[in-house]
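A quick write-up on the structure given underneath.
For the numbers below, each heavy atom of this structure counts, side chains included, while hydrogens, waters and symmetry mates do not. Protein chains get the first letters and strands the later ones, always in sequence-line order, with residue 1 at the start of each.
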Number of protein chains: 2
Amino acid sequence: MVTLAEVARHAGVSASTVSYVISGKRAISAGTRERVRRSIRELGYHPHAGARALAGSRSHIIALMVPLRTELYVPVMMEIAVTVARAARTHGYDVLLLTGEEEPDAVRRVVGSNLAEAMIVMDVALDDRRLELLRSVDRPSVLVGIPADAAGLTCVDLDFYATGAVCVEHLAGLGHREIAVVGEAAAVYERRTGFAERTLAGIRERAGQLGVRMLHRPCEGGYEGVSAVLSRILDERPGTTGLVVQNEAAVEPLLAVLRQRGRAVPEDVSVVAVCPEEVATQGSVRLTSVAVPAQELGRQAVEALMARLAGRPAGEVLLLPPSLTVRDSSGPAPAAGV
Amino acid sequence: MVTLAEVARHAGVSASTVSYVISGKRAISAGTRERVRRSIRELGYHPHAGARALAGSRSHIIALMVPLRTELYVPVMMEIAVTVARAARTHGYDVLLLTGEEEPDAVRRVVGSNLAEAMIVMDVALDDRRLELLRSVDRPSVLVGIPADAAGLTCVDLDFYATGAVCVEHLAGLGHREIAVVGEAAAVYERRTGFAERTLAGIRERAGQLGVRMLHRPCEGGYEGVSAVLSRILDERPGTTGLVVQNEAAVEPLLAVLRQRGRAVPEDVSVVAVCPEEVATQGSVRLTSVAVPAQELGRQAVEALMARLAGRPAGEVLLLPPSLTVRDSSGPAPAAGV
DNA sequence: ATGAAAGCGCTAACAT
DNA sequence: ATGTTAGCGCTTTCAT
């Protein structure tokens, strides 16, 4: 293995000089710097990560905690994870993948062992059991998602409250007066996932303000679930002309079931989805939707974490504004009574 | 930070004793061991990862290279990745997440810096440009996927050749004499992805042996693509009664398009899919399918890697046997001429 | 602008 | 069965 000392010898300088050339922490004459850089290149030198972490007490690693229960919004999570890794690299950091289940122990372990300098936590519940620990461990962290009590925590998320509101505004603007929300699976609400509740709150509130009637029903993905939920909705509120869907796994079944029942989209019923762009654009109908900006979330999470590592205090909450794209699934409300 | 030395003092033993209690590399009297363990617990000691790596030249970290182009079979990749992380932990290893794009440099970096002891590479192409590097770097690696030339490499994968054969056998057994393969997107074949080609080869060969006519058409995901491909297939071979689908993103659209054309499944046409269980069971039709065993692949990849780290030589290729589950999408071929 | 040298916390010979 | 000790390769004072 090529060591710093070997590089130093090869370049005819001291070890500390090589170290400083690499870190840039003190002025080095142009000549020396070049000589050292050449030696590094020629010898194919890579600083020993462990030694670096030991001497400098910085591992250049951040931990990424991915959710316990996958299956749901997997593609979004994957995209965030990959983006985080990419973005971290641009700051000289590598990413350690922690899976949900080990949970509190995993945090203690990577922190206690100085393996990770900081961490990004995905899939945060409103009353997440990890919060206390995160607040206590004296290592910067950034949550993707917003818990009920975000005091002392740095968070990044799509503004789901505004997202809900925007969906209602769009439908109301098209003349819809009765809408229904085909929600996430019941389990998602049970574990008090912030984004689901916030979206719903945004919808409910704006609906109230705009005089739009609204009904919410949780919904499992898959055809049977969607079919059942849609039946209930149309039974209770036959006048429903606008649908908001958040559950990715319900989007395609929903369209199929509507088709099957002879309900034309968007002539009879308009659909607005909250989902990744691919789902909105690659389905059987190009959906009017608010995109979940996975990449932007990943990037912002890393930026926020780097700021924390650089000394910026915790507590910031960054909400990305939603952006609704009109496509083919929404249109004017059908004339009443028709 | 709590150090080994502090634990040693607290337990009234020497540093090396503590180290050996932890590593189990030499016999320690039960009494001493217990005392040390208690001290470790009471002080909340965690060995410093960097120091451990430096002194022991083992980082207890493996690298996981995830694919460059995601989007495709994302859920499978995610499941493998998470399983790898989980399985690695049971061996005392953490997982470093490397994204495709940095590629050869990333390998050199984590190897050169002794950050990772070994690596798992996903999404391997038949003529992958990473292979040469992997063979040269003198660090164990395991590929998930099988390149054209696997000499000197350890690989794990579903036996896609057998998978293709099994699909044909199933259809042939039901009396189907003319089948078509709705394949992966053209890009997948262009980059010479092993699993796609192998599946096709398996289908083609067994079809030949069993006297089944077969036609293959690459297919993009989404409705338009599927619709176009299906038209071409039925134009060219109106007698087609069996369909094999490998592209996850084509499965649901395919069923919708068939429905739309009035082709009943499985009465008029049987469908066999190669996809994750969730896709097979949660769609509009419960599909007869060969599951891609993501978790098993992740686990086996880790086991193979641990074996390599323990000294087992490279070169093994582990093919998981396919298992076809009959569900509602396949049935007897319709009587000819009807 | 550069060098010398003292650790960082641990492992693994080498003792006994 | 346990203790002593010499590094592992780097960062960072402290010197000059």
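A donor-acceptor contact under 3.5 Å is not formed by the side chain of A:R52 with the base of D:dT11.
If you check every strand for non-hydrogen atoms under 4.0 Å, B:S23 touches nothing. Among the atoms of the strands shown, only primed sugar atoms or phosphate atoms (P, OP1, OP2) are found under 4.0 Å from some heavy atom of A:T17. Residue-level contact check: B:S16 touches the bases, meaning some heavy atom is under 4.0 Å from a base atom. Backbone-only contact: A:I28 has heavy atoms under 4.0 Å from sugar-phosphate atoms and none from a base.
Between A:R191 and A:D123 there is a salt bridge, since at least one side-chain N of the basic residue sits less than 4.0 Å from a carboxylate O of the acidic one. A salt bridge between A:R37 and A:E34 is present, with a side-chain N of the basic residue lying under 4.0 Å from a carboxylate O of the acidic one.
A:R26 places its CZ atom 11 Å from the P atom of D:dT13, with the value rounded to the nearest Å. A:K25 places its NZ atom 8 Å from the P atom of D:dT11, with the value rounded to the nearest Å. Nucleotide C:dT11 holds its P atom 13 Å from the CD atom of B:E117, rounded to whole Å. Rounded to whole Å, atom P of C:dC10 lies 15 Å from atom NE2 of A:H48. Between the CE atom of B:M1 and the P atom of C:dG7 there is a distance of 18 Å, given to the nearest Å. The nearest whole Å value for the distance from the CG atom in A:L54 to the C1' atom in C:dA6 is 13 Å. As a whole-Å value, the separation of B:L4 CG from C:dA12 P is 12 Å.
Between the side chain of A:R33 and the backbone N or O of A:I28 there is at least one donor-acceptor pair closer than 3.5 Å.
Side-chain contact, B:R52 with A:N114: no donor N or O sits under 3.5 Å from an acceptor N or O.
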Open item on the list: Could you go through B:L143 and B:D157, starting from their C-alpha distance and side-chain angles, then the distance that decides it, and tell me whether this counts as side chain to side chain contact (heavy atoms under 4.5 Å, CB included)?
Closed with: CA-CA 8 Å; B:L143 314 187; B:D157 207 354; over 6 Å; no

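Projected onto DNA chain D by closest heavy-atom contact, B:S29 and A:Y20 fall at different nucleotides, the more 5' of which corresponds to B:S29. Each of B:A30 and B:A51 was assigned the nucleotide of DNA chain D with the nearest heavy atom; the assignment lying further toward the 5' end belongs to B:A30. Both B:V18 and A:V13 sit near DNA chain C, but only A:V13 has its closest nucleotide nearer the 5' end.
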